[in-house]
Structure formats: structure tokens, C-alpha cells
Number of protein chains: 2
Amino acid sequence: MESTNDNVRSQMRKGVLEYCILSILSRKEAYASSLLEELKAANMLVVEGTLYPLLIRQKNQGLLSYRWEESPQGPPRKYYVITEKGRGQLAEMDAAWQEMVESIQALRH
Amino acid sequence: MESTNDNVRSQMRKGVLEYCILSILSRKEAYASSLLEELKAANMLVVEGTLYPLLIRQKNQGLLSYRWEESPQGPPRKYYVITEKGRGQLAEMDAAWQEMVESIQALRH
DNA sequence: TTTCAATACCTTGCAACACAAAGTACCAAA
DNA sequence: TTTGGTACTTTGTGTTGCAAGGTATTGAAA
């Protein structure tokens, strides 16, 4: 069944979304809709209702800031920018991710 | 701060715990307390309040079964056993995990 | 001028889950 | 019979992912 498969993947994505967001934003600024597309392209599908609160949380933690920018068409865009604190967090997440990959590799022999 | 670091790791562990449990049980039967020790040794620390409900969920999904066994000391132990369905799920999780590792590797360049 | 479609941001209500903490039960030795 | 070790279970709380619905801006078509 497809849905079982989807649940497995969806479950695993939990906990690494913040890592993915910071990773993308560490390379370039982006607004929510463009992040959605990048994540989709990276097979880390997320929906609006997940992403917006997550960005707000990261901003409140001081990991991100943002600025408004006119759009060529439609309403203005909220471009998120990673902060120094965010880069620090990203470095920690890199280490944590690496360790987890190794732990699981060990578990799977 | 230590706690920030812990939060990052704790957050990332979410979603792969079920994978770890099935992985351990695919090699040998185990009871909760011994699973706790194995996970701790594998740097995937979990606490009782997390593990017990998780095992019950996986049992209710038909991924695990269990049998009681006398303990040399103390109350009887509930040995969990992976089922065929559980092995199927584990195979899916292997694939999902592999894909996610690759996705994140791509995101991180 | 009004309507429409596209774009973009945000909120609400719900369910799942990890965890801390407290509770229950069994057993053997002191 | 009390104590300590082992083991399983439950309760309450906070966080989070998600579906669904809502608000607002813009430009072009009707």
C-alpha cells in the first residue's frame, strides 16, 4: 500500500525539518513558498500548515530574521535570513545528524 | 549550552525510534528494559515512558508480538518478537531511511 | 468597474508522540 | 515483614505535523 509507505517516510521526516530549513537558508535567503518548492524538490515534502509555524518558531528562537520584499506579481514576500545564532544551531545539527546516521548504521550492522 | 544540544538530538531521534526498535528486534527477541540498554549503548537514548507505549503501538499494528518469560530475579519479562509484517515494515524503513540520508546529503551539498 | 485567478501569508483544530513523574506488581534476601 | 531491585504501566503536559479554511495583494479579463 502507498499510504503505509508514506506514513513511514512522513514519520521519519519529523525532527529533521528544522535542519533542512536552516540548511537551505544558510545558502540563500528564501520566502515560504520558495522553500516549499525546494523541499519538494529535495523529497522532503512539507505543507504550508507545517512550514509557516516552523518559520515563526525559528524566528522567535533567534535563528532566523526576515525582511519584506516586493513581488513582481502578487503580495509582498517575507524573505527569511539565517542569523549567526542560526548558523551555530546548524553546525550543531550537522554534528547531531552525522552522529545519528552513524548510530543507525551501527544498529543495522 | 548542553540543553540546546540535547534538544537538537532529541528532536532528530523522533521518527526513527520505531525503526531502531524493529531493527534490534529483527536480530533477537528482547524485553523493554534490555531494549533500553541497547538503545542507550547505540546513543539513541529513550526513557521508559516513551518506549512502553511505542512497543504497545507496534504490537497493536501487528509488527510485534510478545510472550511472557520467567525472570531469574524479579517479575516476569515481556519478550517482544518481530512478526513477518514487522519485517516487511523494517524493509520499508530501510528504504525510507536510505532515501532520507541521501536527500539530506544533497541538501547539505 | 467588477470579477477572477494567481500568489502569498496566517490561523485553527486535531491527532500523534516524547517525556517526566508517579504508580503497580513481583520476587528474594535480610 | 520490610527492603531493594526489577519490570511493566499510566497520566499529564508540551510540542509538533497536518488538513482545512481564512485573509490580503496584484494584474488581467470580462
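The chains referred to below are lettered A, B, ... by the order of the sequence lines, with proteins before strands, and numbering in each begins at 1.
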**OP:** Can you check whether any acceptor in the base of C:dC19 is under 3.5 Å from a donor in the side chain of B:Glu48, or vice versa?
**Re:**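 Between C:dC19 and B:Glu48, which were checked side chain against base, a qualifying N/O pair under 3.5 Å is absent.
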[N] phosphate, OP1 or OP2: any side-chain N/O from [X] under 4.0 angstrom?
| X | N | value |
| --- | --- | --- |
| A:Tyr52 | C:dC9 | yes |
| B:Arg57 | C:dC17 | yes |
| A:Ser33 | C:dC9 | yes |

Original post:
Between residues 70-83 of chain A and DNA chain D, which residues have a heavy-atom gap below 4.0 Å?
Top reply: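 A:Gly74, A:Pro75, in order of number.
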Subject >> Ring centre gap for A:Tyr31 and A:Tyr79 strictly below 6.0 Å >> reply: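 Yes, the ring of A:Tyr31 comes within the 6.0 Å limit of the ring of A:Tyr79, centre to centre.
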Let me know the distance between [atom1] of [X] and [atom2] of [N], rounded to the nearest Å.
| X | N | atom1 | atom2 | answer |
| --- | --- | --- | --- | --- |
| A:Gln11 | C:dA16 | CD | P | 11 Å |
| A:Tyr31 | C:dA8 | OH | P | 4 Å |
| B:Asn60 | C:dA16 | CG | P | 13 Å |
| B:Arg13 | D:dT16 | CZ | C1' | 16 Å |
| A:Leu64 | C:dC9 | CG | P | 14 Å |

Original post:
Between D:dT10, C:dC9, C:dC19, which nucleotide gets closest to the side-chain atoms of B:Ile56?
Top reply: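 Minimum distance to the B:Ile56 side chain belongs to D:dT10.
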